[in-house]
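Following: one structure in structure tokens, then a few remarks.
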2 protein chains.
Amino acid sequence: MPKNESAARGARTRGDRTRSERSIDVHDAALTLFAERGYHGTSMKDIAAALHLRAPSLYNHVSAKQEILRDVMVETMNDLLKVVRSAMAGTDDTVLKLRRAAEAHVRYHARHPREVRIGNHEIPALEEPHRSAITKLRREYSRMFVALIERGVEEGVFTTRSPLLSAYAILQMGIGVSMWYRPDGPLSEDEIVFHYGDTALGVVGGVSGRAGAPATEGAKRPPKRAVGSKK
Amino acid sequence: MPKNESAARGARTRGDRTRSERSIDVHDAALTLFAERGYHGTSMKDIAAALHLRAPSLYNHVSAKQEILRDVMVETMNDLLKVVRSAMAGTDDTVLKLRRAAEAHVRYHARHPREVRIGNHEIPALEEPHRSAITKLRREYSRMFVALIERGVEEGVFTTRSPLLSAYAILQMGIGVSMWYRPDGPLSEDEIVFHYGDTALGVVGGVSGRAGAPATEGAKRPPKRAVGSKK
DNA sequence: GTTACGAACTAACAGTCGTTCGTATGGCGT
DNA sequence: ACGCCATACGAACGACTGTTAGTTCGTAAC
């Protein structure tokens, strides 16, 4: 799961909030398979096989297949919300806020492709009441972008005639990254993040060309050349 | 299926290329269910129930579940390619070509949401060798946009430093439409198409603001007000 | 009125699904 | 050396999967 890359290893003292070490492995294997084949296209036998186990053994670590999906989707959505919110919190300038939000959004999709693919594709596979909870979180997330763009329009720094359409375009841009980005591909994570940070401002029709300094997170600005290799 | 909205009803003279009337119903019911719940999340019993039938009766009209998926995906991708190609063919101006291609792309996704949702989500559910064929068609499709943007950069009418990233952003924009657009929603198809036609030019960094006349297809240009209702 | 046929049905197939149960095993604390 | 306990296992569960076979029904053609 996205959170707790450093911690989350030891400490099983409280058996509820934290997951056991082996349970993390199960979730991780499921994450890969759900992302590749979909929830209904993956069997408990498949997940077990990835860990060199038999299906019944999984039930020593998780209580149900549906629980794995719920954990992944809820935690991912909360994590994404937190990350983008904190990226925006660093400044009061609306243009810069949008740039940083878009960058954080894109970076998250590049770093957690499995989680967001499941989040975007497996909503119908998630049973109630959790599906409604997820849908609400997703509306909250997109609403955050829409509101920010509306503010920019009122301030006169954005010129888009539909903040809603602009927000959706920016969000989709990031989702796309999770579908094709590979760390060993021709484009680096930073190149994509920077380019799409620029593009986001182009989508809302920023003043003239581009504006707003890049975020502090990530590497330094690349030199002003063409990005990535041609083939 | 997307093609033959006028024809395709009668004419069963050749039993191969054309589908029987009832077979079209089965494909249509499956189209809705596959789009809503996914291929593996839909059973033949579900499809039959939508037609007030029992599962075995479906085999009077289709030969297998997998065949339905194959038909949908192959025909949709070919149709999309054809539509966008012909939209681009009307002009030699690169800027206008991109605007028309983007508009056609978006319009298709607004008009055929079920087909393209399946096309984008169910690739892993499609068995070989058809999956490879689809993947090839999809590469051809995106390659078309990339090449067009590269040409614009060479001509100096686009300023993007990565035609690949710009193309993906534009394509994703359209895919997004298929996920949220509803004909009875606050935004009309034409409003979305026009706005995203503009946005596409913003993504590639067109000369200053916006350029290129809108496509001839669809309704007249709307007056220059804010688009859609606020809530 | 008989034949022919498309299309629907029930019954049944072999296989897989997620999950439960009872048991075996192996390492660790005492 | 003992027992504990987490963990893995095989067997089995009822439900469901896609699909086939055999049969019945209603209608149209002759």
Side-chain angles (χ1 to χ4, degrees), chain A residues 9-16 18-31 33-34 36-73 118 122 124-128 130, chain B residues 9-16 18-31 33-34 36-73 118 122 124-128 130:
Chain A
R9 273 290 154 187
R12 176 187 8 174
T13 56
R14 287 288 311 249
D16 245 7
T18 64
R19 270 197 291 272
S20 85
E21 193 166 349
R22 202 86 173 109
S23 164
I24 295 178
D25 293 341
V26 175
H27 278 72
D28 191 69
L31 203 49
L33 290 169
F34 287 174
E36 279 176 4
R37 318 179 189 173
Y39 178 79
H40 290 301
T42 304
S43 68
M44 292 298 270
K45 191 177 170 184
D46 293 333
I47 300 171
L51 299 166
H52 307 102
L53 292 178
R54 311 298 163 92
S57 305
L58 297 179
Y59 291 84
N60 289 320
H61 311 289
V62 298
S63 69
K65 187 190 181 190
Q66 177 73 203
E67 184 210 51
I68 305 175
L69 181 64
R70 167 176 57 76
D71 286 349
V72 168
M73 295 194 72
I118 295 170
E122 304 299 341
L126 187 63
E127 297 169 6
E128 293 291 3
H130 305 289
Chain B
R9 274 288 154 188
R12 178 187 6 175
T13 55
R14 285 290 310 247
D16 244 9
T18 65
R19 268 197 292 272
S20 87
E21 192 164 350
R22 202 83 174 112
S23 165
I24 294 178
D25 294 340
V26 175
H27 278 73
D28 191 69
L31 204 47
L33 290 169
F34 287 175
E36 279 176 4
R37 317 179 189 174
Y39 178 78
H40 290 301
T42 304
S43 69
M44 292 299 271
K45 191 176 171 185
D46 294 332
I47 300 171
L51 299 166
H52 307 103
L53 292 178
R54 311 298 163 95
S57 304
L58 298 178
Y59 291 84
N60 288 322
H61 311 289
V62 298
S63 69
K65 188 191 181 189
Q66 178 72 204
E67 184 209 52
I68 305 175
L69 181 65
R70 167 175 57 76
D71 287 349
V72 168
M73 295 194 72
I118 294 170
E122 305 298 340
L126 188 63
E127 296 168 8
E128 294 289 6
H130 305 289

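In what follows, every heavy atom counts, from backbone to side chain, and hydrogens, waters and symmetry copies are set aside. Here is the naming used below: chain letters follow the sequence lines, and residue numbers restart at 1 for every chain.
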Presence of [X] side-chain N/O under 4.0 Å of [N] phosphate oxygens OP1/OP2:
| X | N | value |
| --- | --- | --- |
| A:H40 | C:dC17 | no |
| B:H52 | C:dA8 | no |
| A:R22 | D:dT7 | no |

How many angstroms lie between atom CG of B:L58 and atom NZ of B:K65, to the nearest 0.5 angstrom?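 Interatomic distance, B:L58 CG to B:K65 NZ, rounded to 0.5 Å: 11.5 Å.
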Please round to the nearest 0.5 Å and tell me the distance separating atom CG of B:L51 and atom CG of B:D28. 8.5 Å
Please state how far atom [atom1] in [X] lies from atom [atom2] in [N], giving the value in whole angstrom units.
| X | N | atom1 | atom2 | result |
| --- | --- | --- | --- | --- |
| A:I47 | C:dT19 | CD1 | C1' | 13 Å |
| B:R54 | C:dT10 | CZ | P | 5 Å |
| B:L51 | C:dC9 | CG | P | 11 Å |
| A:L53 | D:dA6 | CG | P | 17 Å |
| A:D25 | D:dA8 | CG | C1' | 15 Å |

For nucleotides 19-28 of chain D, just jot down a letter per nucleotide in 5' to 3' order: B, S or -, based on protein non-hydrogen atoms under 4.0 Å. BB--------
Is A:S23 touching bases, backbone alone, or none of the nucleic acid, heavy atoms closer than 4.0 Å? nothing
Locate the shortest heavy-atom distance separating B:H40 from A:G41; write the atom from each residue and the value. CD2-CA, 3.6 Å
What heavy-atom pair brings A:G38 and A:T42 nearest, and what distance separates the two atoms?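 In terms of heavy atoms, the two residues are closest at O-OG1, 2.8 Å.
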If we ignore hydrogens and angles and just use 3.5 Å, is the side chain of [X] paired with the main-chain N or O of [Y] as donor and acceptor?
| X | Y | answer |
| --- | --- | --- |
| B:D46 | B:S43 | yes |
| A:D71 | A:I68 | no |
| A:Y39 | A:Q66 | yes |

Are the side chains of B:R22 and B:D25 in touch, meaning some heavy atoms are under 4.5 Å apart? yes
B:H130 side chain near B:M73 side chain, heavy-atom distance below 4.5 Å: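 Not in contact.
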Could you check whether the side chain of B:N60 and the base of C:dA8 have a donor-acceptor pair of N or O atoms closer than 3.5 Å, going by distance alone? yes
Relative to the 5' end of DNA chain C, which residue comes earlier, B:S57 or A:K45, by the nucleotide with the nearest heavy atom?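 Its nearest nucleotide lies further toward 5', so the answer is B:S57.
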As a check of understanding: the bend across the helix from C:dG1-D:dC30 to C:dT30-D:dA1, end axes from five pairs, rounded to 10 degrees, works out to 10°
